[in-house]
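Presented below is the structure to which this report refers.
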2 protein chains.
Amino acid sequence: MSIAIENFVKAIYNNDKHDIKNTKPGNIAKKLGISNAAATDMAKKLAAKDLLNYEKYQALQLTEKGTKMALNVVRKHRLWEAFLFKMFDMSLHDIHREAELLEHQTSDLLAEKISDYLGHPKFDPHGDPIPNADGEITTEDTSIALSDAIEGNTYTISRLMSDDKEFFDFCAQNQIKYRNTITVSKQFVSNKMTQISIASNTIVLNEDFTKIIYVDEN
Amino acid sequence: MSIAIENFVKAIYNNDKHDIKNTKPGNIAKKLGISNAAATDMAKKLAAKDLLNYEKYQALQLTEKGTKMALNVVRKHRLWEAFLFKMFDMSLHDIHREAELLEHQTSDLLAEKISDYLGHPKFDPHGDPIPNADGEITTEDTSIALSDAIEGNTYTISRLMSDDKEFFDFCAQNQIKYRNTITVSKQFVSNKMTQISIASNTIVLNEDFTKIIYVDEN
DNA sequence: ATTAATTTTTAAGTATGCTTAAATATTTTA
DNA sequence: TAAAATATTTAAGCATACTTAAAAATTAAT
């Protein structure tokens, strides 16, 4: 399947994780850097291929076939991240960028060899779970978005769901990284802001951050 | 640059190695599995991009820029082959197939990391030289095609320049592999056949083989 | 040196994956 | 709830990388 199609179903899959009501063409278009019109077009094409259900003005929903394709790409992406992270001294952002390309040119055979080599890891270096060869995520996901965390509680950062260099740089500078401990000192509900303390810092994060930083209760 | 373009310049580069007079659209078309018309079209486009010189009915000639692009892709291909060969238990044919895809989605940075990891190897598992990051092949190539080998002499197999599974299977079954020793027992000049002895076997090979098996004199 | 065979080129057309602009529907907000 | 803002869809068009069929040139064969 083409790279454009793989990226499209992957974008839907990823968007659904935190925003299932809003997986609409415009949303996907923004993520992929294409026009809304192109996304609508593509949605229709993929519906014809039974990869998703499309109804005018409604949210896009992956079919079982579409979900399988997305999970296959996601698996390869996360395996590459884990592999490159282990093998080479590269930044998480660089690793992400390479994986973003390699994921589409990786046979199931090679993916399996990589998984073998790594001892079939369950998580990638961002803390994201790696689907198995059948597209199943067997690890139960107990993590929640930071936006849904409870004031006063202490958490462990479990996932940084982003592909943005600025975001990673910001995180690196503020000790926001996989497996670090944070305390949610305040949820500003109406402003959709969250105040956390991490290491000896206090940081107020807006929704752009709190929707993609995932945490596990300690 | 697009995959189609990278593959096109690579095909010219590879063809030039053994058949410089015949690097014409039809030849490249056959290698790439596209129509002659498509190859002519592409040749014109690449000429406009200063990647090759094109004159009607004449052989295609890569410019310096085109050669650099070809060597960059060839480098990535051969590095992937060396890397996958070292890391995973996969057949040479499978490794080639993976490298054929990965080569186009590999940043210069990642290529360098792979080269570092391998200790900057000069040759891939087929015996083909790996260009350096500047697109230079520093190892002098003293090998010759088996078709040009001298009757009675003993050689070491230095390169198997193919990407065909049948060819590799045949080679594997007949001990024809990188670094093995062979003796050229007879050159049937008019039939363009070569008789070799390898291990305890005697094999007569036609031009399809003797043009792509390279050897070094012992 | 012609003729025949092959190759290359041209021409017309297709599918994919985008674009912008305008029309239409939905969602927000006041 | 009606107007304003926003999002989605439609329509027309474009570039890339191909196709087949026919014309033109080259190469090979007798």
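Hydrogens, waters and symmetry mates play no part in the numbers below; they use all other heavy atoms, side chains included. Note on naming: letters A, B, ... go to the chains in the order of the sequence lines (proteins, then strands), and numbering restarts at 1 for each one.
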Whole angstrom value for the distance that separates P of C:dT26 from NZ of A:Lys56: 9 Å
Would you classify A:Ala39 as touching base, sugar-phosphate or nothing, given that sugar-phosphate means primed atoms plus P, OP1 and OP2, and contacts are heavy atoms under 4.0 Å? nothing
B:Ile34 or B:Tyr57, whichever maps to the more 5' nucleotide of DNA chain D: B:Ile34
Students often get this wrong, so: under 4.0 angstrom with heavy atoms, is B:Lys45 touching a base, only sugar-phosphate, or nothing? base
Roughly how many Å is it from CD1 in A:Ile28 to P in C:dG17, rounded to a whole number? 16 Å
Should the pair A:Asp134-A:Lys68 be classified as a salt bridge under the 4.0 Å nitrogen-to-oxygen rule? no
At 4.0 Å (heavy atoms only), tell me whether A:Lys30 reaches a base, stays on the sugar-phosphate, or touches nothing. nothing
Relative to the 5' end of DNA chain C, which residue comes earlier, B:Asn27 or A:Asn36, by the nucleotide with the nearest heavy atom? B:Asn27
Salt bridge between B:Glu103 and B:Lys10, side-chain N to carboxylate O under 4.0 Å? yes
With under 30° as parallel and over 60° as perpendicular, where do the rings of A:His96 and A:His126 fit, or are they tilted in between? perpendicular
Of all the nucleotides listed (D:dT20, C:dG17, D:dA17), which has the minimum atom distance to the side chain of B:Ala37? D:dT20
Would you indicate which nucleotide in D:dC18, C:dA21, C:dT8 comes nearest to any side-chain atom of B:Pro25? C:dT8
Can you see whether A:Phe209 has A:Lys211 sitting over its ring - NZ or CZ less than 6.0 Å from the centre and within 45° of the normal? no
Please figure out whether A:Ser35 or B:Tyr54 has its closest DNA chain C nucleotide nearer the 5' end. B:Tyr54
Want to settle it: does B:Ala38 or A:Gly26 sit nearer the 5' end of DNA chain D, counting the closest nucleotide to each? A:Gly26
Nucleotide of C:dC18, D:dC18, D:dT10 approaching A:Met42 most closely (side-chain heavy atoms): C:dC18
